Amino acid sequence: MKLSGAQLLADMLAGYGVSHVFMVPAVLRRTFAEMERRTEIKRLHCHGEKAAAYMADGYARASGKPGVCMAQVVGALNLAAGLRDAYLAHSPVIAFTGGRDPKTKFRKVYQEIDDVPAFEPVTKWNATVDAVERFPDMVRQAFRVATSGAPGPVHLQFRGNEGQVDQEEADMEPLVETQFSRVPPFRPRPDPESLKALLSILEKSERPVIVAGGGVRASGAGSELVALAEALSIPVATSLNGKDCIPGTHPLNVGVVGSYSRESANRVVAAADLACFVGTSAGGMTTHVWTVPKIGVPAVQIDIEPETIGRNYPLKAGVLGDAKVCLSMLLQACDRSSASRRSHWISSVRAICDEWRDKNKAALASEAVPIRPERICAELSRHVPEDAIVLSDTGHAGMWMGGMYDTRSPRQSFLRSAGHLGWAFPAGLGAKCAAPGRPVVTFTGDAGLWYHLGEIETAVRWNIAAVTVVNNNASGNQSKRGFDRAYGGEQTAKARELWTYSKVDFARVATDLGALGLRVERPADFSRALHEALKSNRPAIIDVVTDIEAIAPAAVNA
Ligand SMILES: Cc1ncc(C[n+]2csc(CCOP(=O)(O)OP(=O)(O)O)c2C)c(N)n1
């Protein structure tokens with residue numbers, strides 16, 4: 001079949017089920033023209049390449065389908081910067097850029113450097129497409145790598161600063177392997193012996209805890225996780241990335257463990273006599289730099305990546321396989337009568353969780369003005385619809401939402417920035433593109449929103465009806481504690497210049513840009529604003545005026 005690269009690429013992306021691409025022009029221009037002629041794919045041009053990458057990332061995490069973002073040669077590193085969070089979060093993002101032409105490279109071509117090495121640390125696969133005949137196999141490999149194993153970003157650089165290789169023609173077939181159009185394409189089954197060994201340790205333990213991570217959500221294994229925890233009476237802590245694997249309201253859920261966490265989860269994991277890691281790399285964030293649990297505590301681990309099993313904790317048993325398959329096999333084989341061994345443990349776990357709730361009750365219900373962030377989290381726990389996708393930025397936003405927010409239903413999704421401030425707002429727009437039928441509610445600080453404020457205009461232009469809640473304290477006050485320390489305990493007015501901003505009414509900014517802008521100054525008004533925003537079917541910014549002195553509790557209290 002004689003096709004241009006542009007025609008083939010448009011057909012293949014449609015074949016893989018891509019509904020939106022996020023980019024800053026000008027790259028693959030002919031491909032965009034062919035998308036319009038041949039497909040239903042929406043082509044969203046954004047105000048920055050990093051935001052485009054974050055939108056693709058939010059799209060990918062919300063749907064499990066690869067998110068596609070693009071940039072021309074001079075925007076390539078801006079796009080690479082945006083892949084860093086997807087890489088850390090194991091999110092299947094596919095990035096296309098324009099790149100150097102062998103006919104002109106090394107001649108000081110306008111805007112050009114060798115971008116390829118910069119993609120190396122933020123991708124699972126980083127490759128160049130130099131001949132149009134290679135489009136079909138390279139695109140298939142991009143989807144294969146992005147979705148398989150532990151998912152992650154992929155970069156293809158197309159020849160020509162704008163990827164003009166897409167103009168050329170060849171005999172090509174737009175063959176699509178739909179298996180790789182979403183995560184997970186494979187569900188590897190574990191070795192039965194290794195699973196048996198793990199189960200026997202689990203059954204014998206008296207104070208076990210499961211630590212569930214993003215691998216459980218990627219595998220769609222939340223219900224198997226909950227069923228196993230119930231069958232064996234094992235409390236579940238999650239990483240921030242795995243927060244939606246078990247509803248916040250489930251009696252066995254002790255909360256998010258680690259640094260951006262809930263104190264009850266850290267106390268339970270610290271008191272456990274066995275840690276069972278499932279779909280988590282047990283990295284620094286989830287273990288509060290390998291102190292919760294302490295290294296040396298008996299541990300077992302299930303993961304789809306062989307090199308993750310045992311990397312951070314010496315193991316009594318390790319199992320290689322898909323989380324959903326492993327958990328359902330454990331459920332089938334387990335001896336439910338062993339649960340009685342853990343009744344004491346479950347009572348003390350409940351007491352720890354109740355203590356946390358009592359301790360935070362006042363803050364969660366606070367009527368204070370300016371508003372306390374804990375109250376916003378409590379309002380969100382109560383009023384966000386059961387099928388919503390909730391996103392949280394990092395820093396303080398991650399601490400507040402990791403610790404204080406509860407999902408109410410297995411149908412609710414929770415997506416979080418893996419460390420980059422400013423990720424959540426554009427990621428929320430991408431999530432809404434991926435799941436237009438689901439409510440999307442993003443929680444961010446004002447410093448986080450500032451990064452990609454211009455994307456409010458993108459949301460208005462495409463009527464992306466995501467709701468963004470801004471914890472607006474006119475500062476990046478997570479940094480306050482650190483600067484207090486740096487200044488020997490007391491800050492000067494000059495010191496505050498390092499982390500405070502002007503007071504801005506983001507509801508007004510949003511209104512001026514054509515979105516729905518709502519400002520909330522009193523806690524009692526929040527739920528009405530949230531309902532109005534969700535009902536409006538428009539992009540909405542809820543600007544909440546909060547207390548600059550509110551600092552999230554530290555992960556571990558001595
Ligand atoms: C790309 C990036 N740069 C810097 C940081 C460091 N950082 C973490 S939180 C924070 C300030 C957060 O401010 P805001 O979003 O307003 O929330 P607040 O702390 O005020 O609640 C900064 C600068 C980061 N996480 N990511």
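Everything numeric in this text was worked out from a predicted model, so none of it was measured.
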What pairs meet the salt bridge (charged side-chain N to carboxylate O under 4.0 Å, His left out) rule with one or both residues in [range], with sequence neighbours excluded?
| range | answer |
| --- | --- |
| residues 52-62 | Asp57-Arg61, Arg61-Asp85 |
| residues 332-353 | Arg350-Asp354 |
| residues 243-253 | Arg217-Asp244 |

Partner residues of Arg438 under the salt bridge (Lys or Arg N to Asp or Glu O under 4.0 Å) criterion, sequence neighbours left out: none
Plane angle bin for Tyr59 and Phe22 - parallel if under 30°, tilted between 30 and 60°, otherwise perpendicular: perpendicular
For [X], which residues count as a ring-ring contact (aromatic ring centres under 6.0 Å, His included) partner, sequence neighbours excluded?
| X | answer |
| --- | --- |
| His531 | His383 |
| His90 | none |
| His396 | Trp400 |
| Tyr260 | none |

Show the atom names and distances, to 0.1 Å, of all donor-acceptor pairs under 3.5 Å that link a side chain in residues 194-201 to residues at least two apart or in another chain.
from   : atom 1 : to     : atom 2 : distance (Å)
Ser194 : OG     : Asp191 : O      : 2.9
Ser200 : OG     : Lys204 : NZ     : 3.2

Please output the side-chain donor-acceptor pairs of residues 228-241 that fall under 3.5 Å, not counting sequence neighbours, one pair per line with the distance.
from   : atom 1 : to     : atom 2 : distance (Å)
Glu230 : OE2    : His250 : NE2    : 2.7
Ser239 : OG     : Asn241 : N      : 3.3
Ser239 : OG     : Gly242 : N      : 3.0

Whether Glu386 side chain and Gln412 backbone form a donor-acceptor pair below 3.5 Å: no
Inter- and intrachain pairs under ring pair (Phe, Tyr, Trp, His ring centres under 6.0 Å), touching residues 327-366, at least two apart: none
Charged N-O contact under 4.0 Å between Arg357 and Asp406: yes
Partners meeting side chain to side chain donor-acceptor pair (under 3.5 Å) with Gln301 (sequence neighbours left out): none
